[in-house]
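Small disclaimer: the values here were computed from a predicted structure and weren't measured.
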Amino acid sequence: MPRLLSLRFAWPLAAASLVYLALRAALLLTNFDAHCHPPYELALAGNIGHAAQGGWKGLDLQDYYDNCGGHLACGLLAAPLFALLGESYLVLKLVPIGFGLATLVLTWLVLAPRSGRMSAVLVVFLFALGPPTLARLALFALGSHFEALAWIALLYWIWLRWHETELGQTRATVLGVCAGLAVSFYFGVLLWLAVLAMSHVAIRGWRRSLGDGLRCVPGAFAGCAPLVWTAIVSGGRPQGFAAANLGSLLRPDWLLASQRAGVLVRDVLPHSGGFPDLGGVPGEWGQYSFHAAVALSAGCLLIGFWMRGPKRETKAASGAQPASVAAGTNLTRFQRLYCLPLLLYFPTFVLVFACSQFRFDLRARPYDPVTLRYLGSQLYVFLLVLGVAYGQLARTMRPKLAGSLAALALLGTPFTLGFVGPSLSLEALHHQGWSGHMLSRVMFRRCMRTSAQGPGRWNAPLAERILASLPERERLDVHEGLGFHFWWHLQASSPGRIAEVVAMIPKEAQIEIARGYGSGLRTNLAWTPEGQQAWDAKLAFLDNLPANLARQVASGMALAFEYPLTTNVRQGLELDARFEAHVPRRWRAAWTYGRGLAYARLLVRGLPAQVHGLGGASLRRGGWRSVLLWLGVAEGLAQASLDASLQDALSSHGSDPRRVERQGR
């Protein structure tokens with residue numbers, strides 16, 4: 001076993017790994033909902049992991065592709081974890097947590113032999129505890145670019161080892177393969193590769209660097225194979241994304257670029273750590289201490305470069321020398337300049353961002369970690385800068401300055417605890433790690449042929465082929481989800497066209513499509529100012545639909561698109577209570593039946609916080625509304641058990657709630 005990973009030498013790495021896991025367990029088991037993004041985690045990574053269970057089913061893998069390959073990899077890596085530990089939302093999050101552990105180990109391998117053991121100890125504990133944005137990004141399985149940190153650390157380590165072993169062909173090939181794979185994961189890694197290339201030229205000179213780069217090319221082509229595949233099967237989506245967001249790099253507007261750079265440096269980066277308030281202590285204190293430590297570290301490294309006179313070294317290295325002397329000179333320069341990529345990354349990042357089309361949402365502070373996902377790599381590089389500077393100060397006999405640097409950096413670490421919830425909850429174990437409803441979003445994008453002249457055309461044969469490969473229970477969820485997306489596709493121009501949509505859908509799916517359409521209407525109504533006139537205007541199209549279809553759409557207004565989280569359930573039930581007073585009388589019977597369907601789905605999930613007091617007095621209400629509510633509950637339970645005969649009987653009875661209303665009267 002290498003000395004760097006021996007138990008005696010690396011026990012701090014093991015301790016940091018335990019701290020890393022303990023903190024993330026605390027965040028998930030006390031505040032799970034705050035670290036979730038279902039529209040991407042479940043719709044993409046979670047559904048990929050589920051589709052791979054028991055043979056691939058549903059959509060093809062390329063249909064899940066969305067700008068970069070990180071979420072594809074997260075989903076494929078989730079598949080064996082789902083098979084081993086079950087398909088829960090919590091298990092899905094083990095994938096990014098695993099990438100974080102890999103980054104921790106690679107960080108140790110980068111720093112310990114070059115900056116010293118104490119430098120590595122400082123950085124691995126800083127990474128394990130914060131800054132909060134990094135700690136929270138490790139919990140999002142959505143291709144949030146946190147996985148790019150492991151690739152950055154791996155590429156840096158291979159590049160360092162390549163220089164330290166006389167730049168052999170084997171490591172050149174490995175570096176090329178890893179570079180290609182990293183870009184396939186996340187295009188932002190190109191920025192890190194660019195600073196590695198610039199640093200390589202500074203160490204080796206242009207002529208030698210060109211030869212070194214050519215040796216990496218075959219491996220890079222092999223590593224880019226996943227990116228080439230996605231570019232082909234997605235119709236050029238990676239190229240389109242790059243052109244839309246990075247095309248301006250070729251023709252920059254320097255005035256606009258300077259303004260964007262100012263916003264990034266002045267407004268975004270100072271808050272990029274995402275430090276919350278902690279027990280009355282303002283989060284700004286953590287921000288100030290962290291960024292002060294980074295600025296001090298960068299200043300120390302720059303002063304060190306100036307004192308060592310790199311210009312004289314360049315002149316000495318470029319002269320005619322025997323091979324052995326030249327190799328020794330290059331190694332010496334490398335040992336002094338190996339941290340150059342860390343200093344080049346920040347100005348390069350600012351320049352590229354300023355000339356690009358990327359945006360940060362600045363509306364809320366502390367910023368949501370998903371909003372800051374593009375800054376994860378910069379925060380990680382800041383930690384490496386801290387570690388290298390600490391090591392150099394410790395070696396040059398400046399222990400007080402090194403200690404002050406470490407203290408400043410560590411002052412901000414407790415603030416991550418501000419995101420830990422007040423009590424332990426195991427409900428996260430019951431959250432499903434994939435979603436049939438959200439699978440419909442990907443399927444809708446695949447099957448709806450857009451048109452500039454109208455609302456588009458539905459590819460019914462393709463949709464039927466995809467649905468036929470899904471189990472029956474999943475088909476119900478997907479049908480309802482498709483109805484939801486049909487609403488958002490049609491509502492702006494012609495919401496009444498739902499009758500045409502239903503007519504081209506197989507009969508067994510029409511009820512779910514109509515109810516899903518109603519759930520889309522519910523979401524739209526949630527944004528409508530309360531007032532009966534506004535509601536009547538939104539629901540006027542229902543009067544022109546066939547009676548049975550209109551009632552199914554109205555019953556769907558009681559259904560949320562989905563309740564993937566406990567927080568969503570509370571919000572949904574509160575929304576029900578507000579909605580009931582505004583539902584027009586002619587649709588109230590259908591609405592009540594739909595509430596019964598929604599309650600049944602929550603009862604089936606079995607989460608204590610959701611079942612307790614579910615529906616309140618409405619479940620005990622007498623009269624025809626109580627009958628309709630319980631009929632809806634019965635159909636929902638029948639759907640969950642897939643009792644087809646019971647389900648058909650109940651849905652046919654419930655399809656005309658007015659019959660029950662008349663009987664009750």
| query | Quick one: are Y374 and H145 in side-chain contact, heavy atoms under 4.5 Å? | reply | yes
| With sequence neighbours excluded, residues passing ring-ring contact (aromatic ring centres under 6.0 Å, His included) with Y517 | W487
| request: Look at the side chain of R601 and the backbone N and O of A598, then say whether any donor-acceptor pair between them is shorter than 3.5 Å. | output: no
| said: Suppose we screen for salt bridge (Lys or Arg N to Asp or Glu O under 4.0 Å). Which residues come up paired with R446, at least two apart in sequence or across chains? | reply: D63
| task | Carefully, step by step, assess E562 and S435 under the rule side chain to side chain donor-acceptor pair (under 3.5 Å). | result | CA-CA 9 Å; E562 196 175 44; S435 168; 2.7 Å; yes
| field | Side-chain donor or acceptor of R551 paired with backbone N/O of A590 under 3.5 Å | value | no
| query | Quick one: does Q53's side chain have a donor or acceptor within less than 3.5 Å of a partner on G49's backbone? | reply | yes
| task | Would you mind reporting whether Q510 and Q552 have side-chain heavy atoms less than 4.5 Å apart? | result | no
| task | Say whether, by atom type as modelled, one donor and one acceptor occur between the side chain of K507 and the main chain of A503 under 3.5 angstrom. | result | no
Review item, side-chain donor-acceptor pairs of residues 38-46, under 3.5 Å, at least two apart:
| unit_1 | atom_1 | unit_2 | atom_2 | d |
| --- | --- | --- | --- | --- |
| E41 | OE1 | H37 | N | 2.6 |
| E41 | OE1 | Y89 | OH | 2.7 |
| E41 | OE1 | K93 | NZ | 3.3 |
| E41 | OE2 | K93 | NZ | 2.6 |
| E41 | OE2 | A141 | N | 2.9 |

| field | ring-ring contact (aromatic ring centres under 6.0 Å, His included) partners for F561, two or more places apart | value | H437, F484, H485
| remark: For F579, the ring-ring contact (aromatic ring centres under 6.0 Å, His included) test, sequence neighbours excluded, returns W535
| Got a sec, which pairs hit side chain to side chain donor-acceptor pair (under 3.5 Å) with one end in residues 77-87, sequence neighbours left out? | H50-E87
